[in-house]
Amino acid sequence: MPDGREVDQAELLGVAKDEERARSLLRALRTLSTGPDPKLREMATGVLRGDLTAEQAFTDPEYTAALFSGADSIRRAGERRTDAEAREAGERFGAWQEARSAGGENGDQGEGPGTPQPEATPRQAPQQPSGPWRNPGAPGLGGSRPAGPFGRS
């Protein structure tokens, strides 16, 4: 790091949009900076050091390809697991969530004592993506259609 510092979550708010997402992004960057993929390590380390902004990193074609490649391998691994493995993973995730909500894991790796902690607020369920395939109620966006020759309304 050029000046020995690491970006903080406030510097990530431009791309993250809120403090919780900024904190999550900071944790993800720290994880990627020590991960097995050299391109993702380079990107995460650059953002953490302040050599490039998160916006620059997420719009760079090479870094974007590396991110999507990793996501694709996770998706394929999920598709290959058995029902028993999926249930076991779900149980472990449920236990982790319970421990986290009970204060067993704060998830703030390496954040100093001066970092303000957000008030405990319940998480909202993620919103479904919008678009023609996700909005059943709006006419013209995959919603109600006039009766056609196939008897659909």
Side-chain angles (χ1 to χ4, degrees), residues 1-136 138 140-142:
M1 295 181 194
D3 60 2
R5 73 171 194 90
E6 177 182 276
V7 297
D8 62 15
Q9 69 188 45
E11 294 173 273
L12 299 173
L13 280 174
V15 71
K17 305 297 183 215
D18 64 46
E19 288 185 19
E20 185 174 340
R21 288 180 181 150
R23 190 171 30 264
S24 180
L25 177 56
L26 186 58
R27 283 192 307 264
L29 288 168
R30 288 175 178 154
T31 300
L32 290 172
S33 72
T34 60
D37 186 299
K39 190 52 80 175
L40 293 178
R41 271 196 321 266
E42 174 186 305
M43 183 249 339
T45 303
V47 173
L48 289 170
R49 285 193 301 214
D51 295 340
L52 70 157
T53 67
E55 292 89 351
Q56 291 169 326
F58 298 147
T59 57
D60 181 278
E62 288 183 35
Y63 296 148
T64 303
L67 283 167
F68 282 115
S69 174
D72 190 50
S73 66
I74 291 170
R75 180 191 55 80
R76 284 193 310 268
E79 290 172 349
R80 286 191 303 264
R81 71 181 177 186
T82 66
D83 288 341
E85 291 170 327
R87 276 192 303 277
E88 181 184 337
E91 290 168 3
R92 283 194 320 263
F93 181 70
W96 174 81
Q97 281 184 314
E98 287 177 23
R100 184 173 183 208
S101 66
E105 175 180 323
N106 64 13
D108 296 328
Q109 304 167 355
E111 293 183 14
T115 304
Q117 296 299 316
E119 294 179 22
T121 56
R123 281 191 169 192
Q124 295 179 353
Q127 298 296 316
Q128 287 292 327
S130 61
W133 58 93
R134 296 284 187 194
N135 192 347
L141 294 177

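Index from 1, following the sequence.
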Thr59 side chain to Gln56 backbone, donor-acceptor under 3.5 Å: yes
Euclidean distance, Leu40 CG relative to Thr45 OG1, rounded to 0.5 Å: 10.0 Å
Closest heavy-atom pair, Thr64 versus Phe58, reported as atoms and distance to 0.1 Å, is OG1-O, 3.2 Å
Closer than 3.5 angstrom, by distance alone: can the side chain of Asp8 be matched with the main-chain N or O of Glu11 as a donor-acceptor pair? yes
Separation between CG of Asp37 and CD of Glu42, rounded to the nearest 0.5 Å: 10.0 Å
Are any side-chain N or O atoms of Ser33 and backbone N or O atoms of Arg41, one a donor and one an acceptor, separated by less than 3.5 Å? no
Report yes if some heavy atom in the side chain of Val47 is under 4.5 Å from a heavy atom in the side chain of Thr53; otherwise report no. no
Return the CZ to CD distance between Arg80 and Glu85, rounded to the nearest 0.5 Å. 10.5 Å
What distance separates Asp60 CG from Lys39 NZ, expressed to the nearest 0.5 Å? 7.0 Å
Please evaluate residues Glu91 and Arg87 with respect to the criterion salt bridge (Lys or Arg N to Asp or Glu O under 4.0 Å), reporting the C-alpha separation (whole Å), side-chain torsions for both, the decisive distance (0.1 Å), and the verdict. CA-CA 6 Å; Glu91 290 168 3; Arg87 276 192 303 277; 5.8 Å; no
Val15 and Glu55 have their tightest heavy-atom pair at N-OE2, 3.8 Å
Point-to-point distance, once rounded to the nearest 0.5 Å, from CZ of Phe68 to CZ of Arg75: 12.5 Å
Is the shortest distance from a Lys or Arg side-chain nitrogen in Arg23 or Glu20 to a carboxylate oxygen in the other one below 4.0 Å? no
I'd like to know if the side chain of Ser101 and the backbone of Gln97 have a donor-acceptor N/O pair within less than 3.5 Å. yes
Glu6 and Arg30: which non-hydrogen atoms are nearest, and at how many Å? OE2-NH2, 2.8 Å
Minimum heavy-atom distance between Leu12 and Ala54, given as atom pair plus value: CD2-CB, 4.2 Å
Distance, nearest 0.5 Å, that separates CG of Leu26 from CG of Leu48: 6.5 Å
